[in-house]
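Working notes, structure below.
Everything numeric here is computed off the predicted structure, so don't read it as measured data. We name chains A, B, ... by the order of the sequence lines, and we start the count at 1 in each one.
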Amino acid sequence: MSPPEMTDALPKPAGNGDPWQDLRRHTSARIAQGRSGASLPTAPMLAFQLAHAQARDAVHLPFDADGISALAQKVEENPPLEVLHVRSAAADRSIYLRRPDLGRRLDKASRLRLTQLASPSRPFDFAFVIADGLSALAVHQHALPVFRLVRQALIQTGWNIAPLVIAEQARVALGDEIGELLGAKQLAILIGERPGLSSADSLGIYLTYAPCIGRHDAERNCISNIRPGNGLDYAQAARTLVWLADEARRRQLTGVALKDESEHDPLLVESQVDTGPSE
Amino acid sequence: MEYRQTFGVRTHRFADLATLLARASARKSGDELAGLAAHNDEERVAARMCLAEVPLTRFLDEALIPYEQDEVTRLIFDAHDAEAFASVNALTVGGLRDWLLAYETDSTALTRLAPGLTPEMVAAVTKLMRNQDLILVASKCRVITHFRSTIGLPGRLSIRLQPNHPSDDAHGIAASMLDGLLYGAGDAVIGINPSSDNLQNVISMLEMIDELRRRFDIPTQSCVLTHVTNSIAAMERGAPLDLVFQSIGGTEKTNRSFGIDIALLEEARAAALALGRGGDNVMYFETGQGSSLSAGAHHGLDQQTCEARAYGLARHFKPLLVNTVVGFIGPEYLYDGKQITRAGLEDHFCGKLLGLPMGCDVCYTNHAEADQDDMDNLLTLLAVAGCNYFMGVPGADDIMLNYQSTSFHDALYLRSLLGLKPAPEFEAWLERMQIMRGGRLLNVDTRHALLGMSNGGDA
């Protein structure tokens, strides 16, 4: 008697798909992944690990503040761009993740630098901060294109724009102290959002009228998920921010009250009322 | 009253009971953020040694948050059962640990004791317990609840099917729901976190799940995890609501930040009971260490003590389900896999000891020092400890809440490893539907009744 064929002795190929693959067109959820026994087959298991690895790498990617600064000055020649570097009181990434309170305040040297800045001939109408937040990757990829569009639009309407501030180990509320020291009427912080499993490079913008230490999140407007392709594109984000800045100047406020009367797509303009981990 | 512990020439001093509890706590980034944690490891152990000598009656004499200031404190003191407490009233905190571990202390004794313990006593003994103690004692507790399915029976493990979708798309939610049901999940509840709290949206989702449930006669219950005021409004409009959901915390001020108080929860429970859709267990609560600090409402208490007080509040409402969402809050409260694991075991233990049907959302975010291996560990430890239910999210990836929880596959892993079965009513349904037999999933084909529905619906 001949031995059975090898293929007969082996279990059926692992991880053959579930017969409801078709349902995947309705959702990006990880459905119909198949199973090996009851467990996850190798391919979807590794796909998950890749997504998580990319999100983790984005959280820990060192922020290239000098590179951003050099590039910003190169592309924004007219009018020439002055750039200031600051750091939060969180000395490194590990402290930053444990101590959100430190990420919301400047370190001593940075505070001094901003204090010593010569006061402008007339008050700044607007200040930009580009900050790493929880994803330097998002900032490296998306911050400058949005910044340029908005800066040019505001300059054309005659606004007096403060020097660009580039901030390391920053939380959203770090902009409050920066704005207060600059004496800016409004401040927009462009910051990396907490990476999701399928969105490691999502940029957020938070706009605050009359920024000062102690502002609440409900007093800001947020434009989130800026990520061409799967999220908001640069032009949409810039348009929304310019519109918000204009309204904020007219009505002298940002936050929940500004959202309510916005004629924009409500999905694009959110007032920030919760204090999620990305704060 | 000051507490002291001396080692050689060094004396550690603890100003009061709240400080002693905080310093005795397992290390957590949230307590460090609050400035409450032990300054070093020796101080932590010194605090535990002091705490071990504290009589349990001290917790009845001294409210950690004053009675006059906080309705959760009032509830805890007013509901305390002195008769149930009698079996341990002469013990210290350390003595309670020994008593809990004793052979003689079985599940009947623990059930009898539950109303005699206050959350603060339970929080205190937790700080003296190693992970294996938390697992062993929790495994002796038995808390069984019932709506259409029976949850918490020995040898059973239930799953909340969590079919969230970022824009609440009905087809997207249905797709994840079918995926879960075909993987044998959903016996604890089918529970959706809505992206929008819009009332009509909430009602539409309740109607959709209820229709699916009735059509296939699924012995489970549904829930849309919206604010309690929304659930009350939905019931007023005649929505088919099984369970009232609410996030709760351990202090009145925390709950105020959630927009709730005890009276509001009582009103919601009365409304749900009046619908008569299930039994006495009509509430679903979620909690998590760190929520009080996050709301600026911790009154100088460590995050684990605040969490235990949330359970003291929860048990007043005889909930069907309670789960801690342990790693959701982020690394500023629970830094890494070690801290998330410890907190998950603490919460499950405290909830069970206080008489709650505890489940756990074993989870993490991408900025925490944790990964799937950490979740595997905690999931396994909690299953061994007898946790009533876990979350079932497709591929463990919640695309609406942007965090990683546990999957349908994870649940099957536990059922297979530990021989655990779904709730009995749901198990019978899975067999009737030819989805599962003898604890194993069956191969289904495209003609399966559940899939036929989706094909018909979308064509």
Side-chain angles (χ1 to χ4, degrees), chain A residues 12 16 18-41 44-45 47-49 51-60 93-94 96-103 134-135 193-200 202 225 267 274-279, chain B residues 29 32-33 163-167 169-176 178-180 182-184 294-295 328-332 335 365-369 371-372 393-400 402-404 407-413 415-416 440-441 443-448 450-451 454-455 458:
Chain A
K12 283 170 82 174
N16 41 2
D18 298 314
W20 56 94
Q21 302 290 325
D22 200 34
L23 293 178
R24 297 176 78 149
R25 69 197 150 101
H26 296 303
T27 178
S28 57
R30 291 169 196 258
I31 62 168
Q33 298 203 95
R35 55 191 175 82
S36 304
S39 300
L40 199 59
M45 185 199 59
F48 183 106
Q49 284 188 10
H52 184 233
Q54 288 169 338
R56 297 277 302 150
D57 287 348
V59 171
H60 292 279
R93 206 59 174 166
S94 164
Y96 173 83
L97 289 173
R98 283 173 212 256
R99 295 288 305 272
D101 54 326
L102 295 180
L134 281 164
S135 172
E193 295 181 334
R194 190 184 90 197
L197 215 52
S198 50
S199 55
S202 191
N225 197 25
L267 287 175
D274 59 45
T275 50
S278 61
E279 294 311 295
Chain B
S29 51
E32 290 172 339
L33 179 62
N164 298 342
H165 188 275
S167 59
D169 178 76
H171 286 108
I173 289 170
S176 291
L178 293 174
D179 193 62
L182 289 165
Y183 271 91
S294 172
F328 187 73
I329 194 160
E332 58 267 45
Y335 185 66
T365 58
N366 287 318
H367 59 323
E369 289 293 322
D371 61 20
Q372 293 277 289
V393 179
D397 174 10
D398 190 309
I399 56 172
M400 201 288 278
N402 275 318
Y403 76 122
Q404 286 91 254
S407 68
F408 309 134
H409 294 80
D410 291 334
L412 292 169
Y413 146 74
R415 284 177 178 166
S416 164
R440 290 192 175 194
L441 286 185
N443 288 322
V444 303
D445 63 31
T446 49
R447 289 163 301 176
H448 192 277
L450 286 175
L451 294 175
S454 78
N455 293 337
D458 299 335

Are any non-hydrogen side-chain atoms of Arg35(A) and Asn443(B) less than 4.5 angstrom apart? yes
Just wondering, do Pro100(A) and Glu332(B) contact through their side chains at under 4.5 Å, heavy atoms? yes
What I'd like to find out is whether the side chain of Asn402(B) reaches to under 4.5 Å of the side chain of Arg194(A), using heavy atoms alone. yes
Heavy-atom distances under 4.5 Å only: say whether Asp410(B) touches chain A with side chain, backbone, both or neither. neither
Hey, could you give me the CG/CG distance between Asp18(A) and Asp445(B), rounded to the nearest 0.5 Å? 12.0 Å
Nearest heavy-atom contact between Pro394(B) and Ile31(A) is CB-CG2, 3.7 Å
Between Pro195(A) and Asn366(B), the two heavy atoms sitting closest are O-ND2, 2.8 Å
Which portion of Ala295(B) sits near chain A, non-hydrogen atoms under 4.5 angstrom: neither
Please report the C-alpha distance between His52(A) and Gln404(B) in whole Å, then the side-chain angles of each, then the deciding distance to 0.1 Å, and finally whether the side chain to side chain contact (heavy atoms under 4.5 Å, CB included) criterion is met. CA-CA 9 Å; His52(A) 184 233; Gln404(B) 286 91 254; 3.6 Å; yes
When rounded to the nearest 0.5 Å, the distance separating CG of Leu97(A) from NE2 of His367(B) is 6.5 Å
Taking the basic N atoms (NZ, or NE/NH1/NH2) and the acidic carboxylate oxygens, is any pair closer than 4.0 Å for Arg56(A) and Glu369(B)? yes
Is the side chain of His409(B) donor-acceptor paired with the backbone N or O of Gly34(A) at a distance under 3.5 Å, no angle test? yes
CZ/Arg30(A) to OG/Ser176(B) distance, rounded to the nearest 0.5 angstrom? 12.0 Å
Please report the closest heavy-atom contact between Leu412(B) and Ala38(A), naming both atoms and the distance. CB-CB, 3.5 Å
Side-chain heavy atoms of Arg98(A) within contact of Glu32(B), under 4.5 Å: yes
Contact origin within Ser94(A) toward chain B - heavy atom pairs under 4.5 Å: both
Determine whether Leu23(A) and Asp179(B) make a side-chain contact, defined as any pair of heavy atoms from C-beta on separated by less than 4.5 Å. no
Please report the interatomic distance CG(Leu197(A)) to OG1(Thr365(B)), rounded to the nearest 0.5 Å. 11.5 Å
If the plane angle is over 60° it's perpendicular, under 30° parallel, otherwise tilted; pick one for Tyr183(B) and Trp20(A). perpendicular
At a heavy-atom distance under 4.5 Å, which candidate from Asn164(B), Val444(B), Asp397(B) has the highest pair count against chain A? Asp397(B)
Between Gln33(A) and Gly395(B), which heavy-atom pair has the shortest distance, and what is it? NE2-CA, 3.2 Å
Of all heavy-atom pairs between Asp169(B) and His26(A), which one has the smallest distance, and what is that distance? OD2-O, 4.0 Å
Hey, does Gln372(B) have a side-chain heavy atom less than 4.5 Å from the side chain of Gln49(A)? no
